[in-house]
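Fair warning: this is a prediction, and the values are worked out from it, not measured in the lab. So you know, we letter chains A, B, ... as the sequences are listed, proteins then strands, and number each from 1. No hydrogens, no waters, no symmetry mates; every other heavy atom, side chains included, goes into these values.
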Amino acid sequence: MYALVDCNNFYVSCERVFNPTLRRVPVVVLSNNDGCVISRSSEAKKLGIPMGAAAFEYQKKFQESGIKVFSSNYALYGDMSNRVYRILQNYTPDIEIYSIDECFLHFNNFTDNPLDKYCKKLRQEVLQKTLIPTCVGIAPTKALAKVANHIAKKFPELEGVYLMDTDEKRIKALKWLNIEDVWGIGRRMSKRLKAKGVNKAIQFTELSDEYVRKEFSVVGLRLKKELEGISVLGLEEVQAKKHIATTRSFDTTYTDKEYIKERITTFAVTCAEKLRKQKSTCQLVTVFIYTNRFNDQQEQYSRSINVSIPYPTNSDIEIAKYAQKGLNLIFKQGYHYKKAGVIVGGITPEHEKQFNLFEDEPVKHREIMRTMDQLNSKYGTQKLKLASQALDKTWKMRQEHLSPNYTTKWNEILEIR
DNA sequence: TCTGGGGTCCTAGGACCC
DNA sequence: TCTGGGGTCCTAGGACCC
């Protein structure tokens, strides 16, 4: 059996842990740049704040309804997530961390212990030790565990845990579940399915295998099997990332190439740091720049470009150099840029390095990067930078409602007190 | 004025091989 | 008049997830 453990309104719940005045009142957490709503308490949902709502459009509503607003604080959420998973790991060795607030557990040979009781205990321990409320769905496949979790969330009388252990329960659930709420069926697929008269999850399982395979590829077919109770998706091991991205929207638009160049360089450096952290190298760097797609008064421009690097590298200097090369090829004067990013790909493990016959990255780089990483970890992120990065932090992200880093920065807490 | 960021997997089609 | 058959690898784009 699989269990899906999902933290309720995770970012909001994290804010509430250290600020009890936020309990039972409407709270929302905003995306980077305080752009849009990405987490809502149940009270905020009831007030009609949609997921993804643009913050500026709801400013008035926030004030009128007394909704507490927070900028996202990923240091806090990441740390709380680790705390939750450390507890869950004591309940089974088979665990897949699916996202910052969700994980799958697999139970093998747990026959003598009723799983719903076991999961109620687990849920209780998480709540008691971290103050994070969760819901648990238990079923024979991952997709059905998602369905069971959905049920646990929707019906409070279940006290956060739902066990789907018979075919009667499975069928009843799938008759109830709307097609667009099925895990793996997004906007596009549900639109096509509804046009065919498929409105409930059960109807999807009634389509023929051939039809599903033809229309929705093996991905759709796998999902169908999973909903039928045939497990085809196993737990996945944590693997090195295949792409690593650092992208940001700017606080306003910029036309100056030097400014964009500095941003791209810093994004490239951040990607290089992430690469070294997972002990990988890359051989491809993608650079993109966009104008503001919401502003139809301004002329739009958006381009991205792939630049291949002749040798695998994770050096700030090299990745920044090729990223700048990419920017030079796509930057056009006269547009108002709002967003840019760097993505590295062609990732291979550091120790499997394939040398290039003709050129290679300068031998000194590995040593320089190790030294930079050491100093930066001791004195703070990006204290030591490339000269092509801004020395003083000229850019800023709007973060007008940031909570303190309660769990990771004790000096900030002391200042508040 | 203002609208996020970071991932995965699959398929089709082009370029190449013998 | 008339031009094969069977592969692999790579990439872009589209779908999905949180």
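Counting non-hydrogen atoms under 4.0 angstrom, A/Ile185 reaches the backbone sugars and phosphates but no base. Using a 4.0 Å heavy-atom criterion, one finds that A/Asn33 contacts no nucleic acid atom at all. Here A/Thr246 lies in heavy-atom contact (under 4.0 Å) with sugar-phosphate atoms only. A/Phe216 comes within contact range of no nucleotide atom at all, as no heavy-atom separation falls under 4.0 Å. Counting non-hydrogen atoms under 4.0 angstrom, A/Asp101 reaches the backbone sugars and phosphates but no base. A/Gln59 comes within contact range of no nucleotide atom at all, as no heavy-atom separation falls under 4.0 Å. Nucleic acid contact for A/Arg192: none, since no nucleic acid atom lies under 4.0 Å from a heavy atom of the residue. A/Asn306 comes within 4.0 angstrom of the backbone, heavy atoms only, and of no base.
Checking B/dT8, C/dC18, B/dT3 against the side-chain heavy atoms of A/Glu102 singles out C/dC18 as nearest. Closest to the side chain of A/Lys339, from the set B/dG5, C/dC18, B/dT3, is B/dG5. The A/Thr247 side chain lies nearest to B/dG5 when the options are B/dC2, C/dC16, B/dG5. For A/Arg213, the side-chain atoms get nearest to B/dT11 when compared with the rest of B/dT11, B/dC2, C/dC18. The side chain of A/Tyr74 has B/dG4 as its nearest neighbour among B/dG6, B/dG4, B/dT8. When distances run from any side-chain atom of A/Met189 to the nucleotides B/dT11, B/dC2, C/dC16, the shortest one goes to C/dC16. Closest contact between the side chain of A/Arg222 and the listed nucleotides B/dC10, B/dC2, B/dG6 involves B/dC10. Checking B/dT11, B/dT3, C/dC17 against the side-chain heavy atoms of A/Lys146 singles out C/dC17 as nearest. Comparing atom distances between the A/Arg188 side chain and each of C/dA15, B/dG5, B/dC10 picks out C/dA15 as nearest. If you check B/dG4, B/dT3, B/dC10 against the side chain of A/Arg293, the one that comes closest is B/dG4.
Nucleotide C/dC9 forms a Watson-Crick or G-U wobble pair with B/dG14, both donor-acceptor distances falling under 3.5 Å.
Going from atom CD of A/Glu215 over to atom P of C/dG14 covers 18 Å, rounded to whole Å. Between the P atom of B/dG4 and the CZ atom of A/Phe267 lies a distance of 14 Å, rounded to the nearest Å. Taking atom CD of residue A/Gln399 and atom C1' of nucleotide B/dC2, one finds them 16 Å apart after rounding to whole Å. Note: NE2 (A/His243) to C1' (B/dC9) measures 10 Å, nearest angstrom. Rounded to whole Å, atom C1' of C/dA12 lies 13 Å from atom CD1 of A/Ile343. One atom, CG of A/Asp181, and another, P of C/dC18, lie 11 Å apart when rounded to the nearest Å. Whole-Å rounding puts the A/Asp34 CG to B/dT1 P distance at 18 Å. Taking atom NZ of A/Lys191 as the reference point, atom P of C/dC16 lies 11 Å away to the nearest angstrom.
Between A/Phe56 and A/Lys242, it is A/Phe56 whose nearest contact on DNA chain B lies nearer the 5' terminus. Between A/Ser217 and A/Ile244, the residue whose closest nucleotide on DNA chain B is further toward the 5' end is A/Ile244.
No donor-acceptor pair closer than 3.5 Å links the side chain of A/Lys383 to the backbone N or O of A/Asn376.
For the residue pair A/His336/A/Thr253, the side-chain donor-acceptor check at 3.5 Å is not satisfied.
Taking only side-chain nitrogens and oxygens, A/Ser99 never comes nearer than 4.0 Å to OP1 or OP2 of B/dG7.
Ring-centre distance between A/Tyr259 and A/Tyr337: not below the 6.0 Å cut-off.
Under the side chain to side chain donor-acceptor pair (under 3.5 Å) rule, A/Asn314 has a single partner from A/Glu350, A/Lys274, A/Arg366, A/Lys277, which is A/Glu350.
Ring-plane geometry between A/Tyr2 and A/Phe104 is classed as perpendicular, the angle between the planes exceeding 60 degrees on a 0 to 90 degree scale with a lower cut at 30. Ring geometry for A/Tyr11 versus A/Tyr77: interplanar angle under 30°, hence parallel rather than tilted (30 to 60°).
The shortest distance between side-chain heavy atoms of A/Arg83 and A/Lys129 does not fall below 4.5 Å.
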